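Quantities reported herein were computed from a predicted structural model and do not represent experimental measurements. Chain letters run A, B, ... following the sequence lines, proteins first and then strands; every chain starts at 1.
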2 protein chains.
Amino acid sequence: MALQDCIFCKIATGQIPCHKIYENDSVLAFLDIGPLSEGHTLVIPKAHFEKLDQCPPEILSGVIQVVGNVSRAIVSALGCDGYNVLCNNGMAAGQEVHHIHFHVIPRTSGDDVFTEWKSGSCSKDQAELLANRITQNL
Amino acid sequence: MALQDCIFCKIATGQIPCHKIYENDSVLAFLDIGPLSEGHTLVIPKAHFEKLDQCPPEILSGVIQVVGNVSRAIVSALGCDGYNVLCNNGMAAGQEVHHIHFHVIPRTSGDDVFTEWKSGSCSKDQAELLANRITQNL
């Protein structure tokens with residue numbers, strides 16, 4: 001289903017143009033319009049789902065296969081040293097378009113994309129309690 | 001196949017303990033030992049593959065399903081506002097353990113995890129050339 005006001009639904013249906021990398025019946029990959037690095041690509045299901053945990057298994061499976069194939073192609077085409085695959089879910093996580101999308105962000109050694117990584121810590125007792133709380137919701 | 005010197009292979013085979021969130025025949029989810037936020041979880045295939053683009057389709061599909069299920073459980077358990085799903089591939093991308101892993105990072109509105117997002121731009125001509133270079137490698 002396409003949502004009337006969703007920009008990625010409009011891209012998926014061709015109402016808004018994009019620089020297409022790949023498409024099949026259910027998945028579309030295209031260049032990000034505001035790239036963090038050269039070749040920054042988005043991979044989306046054509047159908048509208050807001051977040052990863054709301055995406056049906058068969059669709060999600062199709063999307064991640066394309067993420068893998070596109071990543072391989074980006075590494076071959078650009079000769080980059082690595083890449084991040086990132087899916088932001090919810091405004092608090094930086095999701096700007098509320099149609100699930102995976103970023104594939106090519107990386108070069110020493111670039112300044114995603115330099116922040118502030119690891120915290122967690123005691124053994126805290127971790128046990130936390131793991132239990134999460135597993136009880138599975 | 002388990003690699004002798006891979007810490008995640010050792011966690012997958014039980015030689016190193018972890019705070020387990022979920023496991024099935026091919027996938028394991030456990031708390032990150034250096035959490036970026038409370039409930040930061042890693043999801044890995046039990047078999048050793050270095051990067052996403054090297055992971056066989058059926059394994060990748062199983063891993064992403066667990067990422068979805070664990071994300072849903074984290075949101076229910078912790079009541080967080082969102083979450084990032086992140087897979088770093090290659091040292092240039094910040095991959096520290098060279099066994100593919102998806103981070104699920106719970107997020108709260110206004111926290112200071114991943115605040116950096118420096119969008120660039122790309123001309124239409126540049127984007128067309130770039131898209132062609134990548135698609136030719138698919």
- [ ] Go through the atoms of B:V67 and report whether side chain, backbone, both or neither lie under 4.5 Å from a heavy atom of chain A.
- [x] both
- [ ] Could you give me the CA-CA distance, side-chain angles and deciding distance for B:S109 and A:M91, then say whether side-chain contact (heavy atoms from CB on, under 4.5 Å) is met?
- [x] CA-CA 8 Å; B:S109 297; A:M91 286 177 71; over 6 Å; no
Open item on the list: At a heavy-atom distance under 4.5 Å, which candidate from B:E38, B:K20, B:Q54, B:K51 has the highest pair count against chain A?
Closed with: B:E38
- [ ] Counting only heavy atoms closer than 4.5 Å, note whether B:L138 contacts chain A via side chain, backbone, both or neither.
- [x] both
- [ ] Could you please state which residues from residues 77-84 of chain A sit under 4.5 angstrom from chain B, measuring non-hydrogen atom to non-hydrogen atom, sorted by number, or 'none'?
- [x] A:A77, A:L78, A:D81, A:G82, A:Y83, A:N84
TODO: Go through A:C87, A:G68, A:G90 and name the one with the most non-hydrogen pairs under 4.5 angstrom from chain B.
DONE: A:C87
Task: Gap separating the CG atom of B:L52 from the CG atom of A:N69, nearest 0.5 angstrom - done: 10.0 Å
Task: Gap between atom CD1 of A:I21 and atom OG1 of B:T135 - 0.5 Å precision - done: 6.0 Å
TODO: Please flag which part of B:F102 lies under 4.5 Å from any non-hydrogen atom of chain A: side chain, backbone, both or neither.
DONE: side chain
- [ ] Work out which heavy atom in B:I134 is nearest to a heavy atom in A:T41; give both atom names and the distance.
- [x] CD1-OG1, 4.3 Å
Open item on the list: Shorter than 4.5 Å, heavy atoms on both sides: which option in B:K124, B:Q126, B:E58 has the most such pairs with chain A?
Closed with: B:K124
- [ ] Find the one option among A:L31, A:I64, A:I33 whose heavy-atom pairs under 4.5 Å with chain B are most numerous.
- [x] A:I64
Task: A:F49-B:V70 co-clustered via ILVMFWY side chain contacts under 4.5 Å - done: yes
TODO: Identify which one of A:L86, A:V85, A:N88 satisfies the side chain to side chain contact (heavy atoms under 4.5 Å, CB included) criterion when paired with B:L86.
DONE: A:L86
- [ ] Could you pull out the closest heavy-atom pair between A:S76 and B:N137, with the gap in Å?
- [x] CB-OD1, 3.2 Å
TODO: Using a cut-off of under 4.5 Å on heavy-atom pairs, state which of A:C55, A:A29, A:P57, A:G62 scores highest against chain B.
DONE: A:P57
